[in-house]
Amino acid sequence: MSGEMPATLRSAAWFGPADRDGFIHRSWMKNQGLPDHVFDGRPVIGICNTWSELTPCNAHFRTIAERVKRGVWEAGGFPVEFPVTSLGETLMRPTAMLFRNLASMDVEESVRANPIDGVVLLAGCDKTTPSLLMGAASCDLPALMISGGPMLNGKYRGQDIGSGTNVWSFSEAVRGGTMTMGEFQEAESCMHRSAGHCMTMGTASTMACMVEALGIGMPGNASYPAVDSRRYTLAHMAGRRMVEMVREDLRMSKILTRKAFENAVRAINAVGGSTNAVLHLIALAGRIGVPFKLEDWDTLGRGVPCLVDLMPAGRFLMEDFCYAGGLPAVLRELGPLIHRDALVVTGKTMGEHIKDAPCYNREVIRTVHNPLRAEAGIAVVRGNLAPLGAVVKPSAATPELMKHRGKAVVFSSIEDFHARIDDPDLEIDAQSVMVLQYCGPRGYPGMPEVGNMPLPPKLLKQGITDLVRISDARMSGTAYGTVVLHVAPEAAMGGALALVQNGDWIELDVEQRRLHLDVPEAELARRKAAWTPPAPPSNRGYYKLYTDHVLQADQGADFDFLVGGSGAGIPRESH
Ligand code: FES
């Protein structure tokens with residue numbers, strides 16, 4: 001089904017020759033205690049590790065890598081672990097997203113430059129998943145991904161609490177006067193109490209579901225908690241399987257087909273996944289050469305119900321999702337919406353894996369006849385305010401605000417927002433539309449997760465918990481609200497978002513997929529003529545590379561020169 005053993009492995013070009021260069025390649029490796037027989041032509045399996053103590057969600061990855069190695073050795077391969085840039089969501093400034101493409105370049109070039117025949121990708125925290133997949137896809141070797149797994153549920157005063165989601169709700173409660181600072185600080189120690197990534201259906205869990213639905217991860221990948229022994233068993237078996245995949249020449253492009261992307265969109269919608277997936281899946285499709293556009297999110301997602309009752313859309317957390325049956329139960333429940341003939345890294349079809357998938361808790365994983373939300377799709381809205389599109393996640397929004405007309409309250413930067421949002425004299429009410437400018441890929445730079453602007457205290461105290469918010473930024477997958485994101489073109493590119501002024505009327509109609517700035521065209525043209533682009537944040541280094549080459553959100557915010565791939569040809573000898 002999946003091809004023939006390649007006549008010659010890439011690694012043979014390094015380790016095969018009985019000459020000076022072969023001596024160099026083998027002899028230095030032997031300083032690690034490797035015997036002659038590991039250079040006998042067996043598949044060399046790279047283990048691409050994003051371990052870092054600065055990426056706490058991936059801090060257990062050295063243990064996972066060891067388990068992968070066991071499997072590789074057992075199957076007759078030769079494992080070589082190597083580090084790549086690790087992107088930690090909570091610490092990196094100005095935003096980890098700025099460095100996603102950089103990390104993908106690191107992965108791509110590290111794989112191609114070394115004697116690697118197949119690669120196991122270890123990812124967990126949000127951006128580590130797309131960066132590794134994108135980089136590996138541009139090489140198109142046999143590859144599979146192991147997600148690090150979610151943390152155990154947070155526990156605070158007898159309640160389950162979720163990463164991110166409850167940070168936002170607790171900080172709003174402190175600002176609204178319903179939670180003390182002492183209680184807030186106590187919750188800090190209760191939220192993240194085991195190894196793993198965020199245990200809400202935030203971006204990391206969404207990415208882990210994406211990996212499993214694409215078929216590029218092993219069944220069970222999405223939901224086993226990081227500390228569950230089955231996560232380590234999965235890693236062991238993935239190591240074994242990777243050796244077989246090299247022998248079968250089962251490359252990424254054989255797995256990541258259009259059908260795989262369609263399965264991923266539907267799965268992400270069905271679990272109420274993060275809007276960040278929109279960008280990452282488009283960028284990944286661009287690397288592997290699968291036609292896949294922003295609009296596909298909307299069309300493929302229509303009619304897909306949200307089946308999973310997880311925060312931020314619902315009540316439960318990833319540990320509950322695992323015990324309820326995890327992603328296979330969701331994919332089975334989606335019935336004909338899932339392409340069952342799509343190939344998985346196991347060498348089997350998706351249908352074979354999910355046909356008997358059990359569900360043990362119908363509160364956590366609903367049926368299609370009793371969904372959490374009947375329509376879970378990520379909606380793509382367009383109009384003069386977003387000619388290239390913007391996205392909104394109805395499952396995280398307030399139904400009454402999905403069709404809304406209100407006056408703009410404009411913030412020209414996130415600093416402007418922070419400076420004014422607590423001002424009791426700020427002119428804002430329950431009908432207002434909050435607009436945030438210059439937070440797109442180029443403008444910030446890096447498109448930070450600030451689109452879910454907190455509400456002003458004076459409205460919170462009135463019991464108002466949601467307003468329409470519009471920006472060219474992203475939103476944390478753990479956040480919620482009627483938040484229109486990824487507006488393209490962004491303000492820094494002279495998009496209409498840059499032209500909005502306080503008091504302008506804005507109309508959002510999610511059902512009609514419409515986002516309209518109700519200002520006469522002549523007035524918008526006058527404002528555009530007076531607009532000057534902001535100065536670039538830096539004229540050197542990576543920031544310059546980024547702002548010169550980043551594409552807009554509708555194209556996944558990849559670099560223009562990284563779209564596509566360069567294969568895994570063997571580079572020239574260095575000696
Ligand atoms: Fe790392 Fe959420 S901060 S996954």
Side-chain angles (χ1 to χ4, degrees), residues 49-62 64 84-100 103 121-133 145-154 160-171 187-212 217 221-228 231 268 271-277 279-280 310-313 316-319 321-322 396 446-452 473-480:
N49 200 341
T50 49
W51 169 86
S52 167
E53 289 179 343
L54 290 168
T55 307
C57 309
N58 299 14
H60 59 303
F61 277 20
R62 288 193 290 189
I64 293 183
V84 290
T85 309
S86 186
L87 306 177
E89 202 63 29
T90 50
L91 300 180
M92 290 193 88
R93 297 183 178 190
T95 167
M97 180 64 179
L98 176 65
F99 307 107
R100 183 199 65 180
L121 309 164
L122 306 188
C125 200
D126 298 9
K127 305 305 176 295
T128 55
T129 298
S131 60
L132 266 55
L133 287 176
M145 177 167 275
I146 303 171
S147 301
M151 288 180 253
L152 297 175
N153 291 1
D160 280 5
I161 57 171
S163 302
T165 300
N166 285 114
V167 179
W168 317 132
S169 68
F170 289 168
S171 76
E188 179 181 306
S189 302
C190 302
M191 191 170 280
H192 303 119
R193 57 191 190 88
S194 82
H197 61 68
C198 290
M199 79 312 261
T200 41
M201 187 49 77
T203 303
S205 300
T206 303
M207 289 292 101
C209 290
M210 180 183 90
V211 166
E212 190 169 335
N221 175 74
S223 64
Y224 291 142
V227 295
D228 192 310
R231 172 75 47 193
I268 290 167
V271 298
S274 161
T275 47
N276 283 321
L279 296 162
H280 302 322
L310 253 61
M311 295 183 200
F316 297 101
L317 293 166
M318 287 298 284
E319 199 183 332
F321 183 48
C322 175
M447 214 181 170
E449 292 183 335
V450 294
N452 54 309
R474 295 178 300 118
M475 171 172 86
S476 164
T478 60
Y480 45 82

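Computed from a predicted model, the values in this text were never measured in an experiment. In each ligand, atom 1 is the first atom listed, and ligand 1 is the first ligand listed.
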For a 4.5 angstrom cut-off between non-hydrogen side-chain atoms, does [X] reach [Y]?
X    : Y    : result
K127 : E89  : yes
H197 : T128 : no
M97  : L279 : yes

side-chain hydrogen bond (donor to acceptor under 3.5 Å, both in side chains) partners of residues 49-61, not counting sequence neighbours, each pair once | N49-E81, T50-N58, T55-S86
Determine yes or no for a side-chain-to-main-chain donor-acceptor pair under 3.5 angstrom, with R231 supplying the side chain and Y224 the backbone.
-> yes
Would you say the side-chain atoms of R474 and T203 include a donor-acceptor pair closer than 3.5 Å?
-> no
By chain and number, the residues contacting ligand 1 below 4.0 angstrom (heavy atoms only) are C57, E89, T90, C125, D126, H197, C198, A204
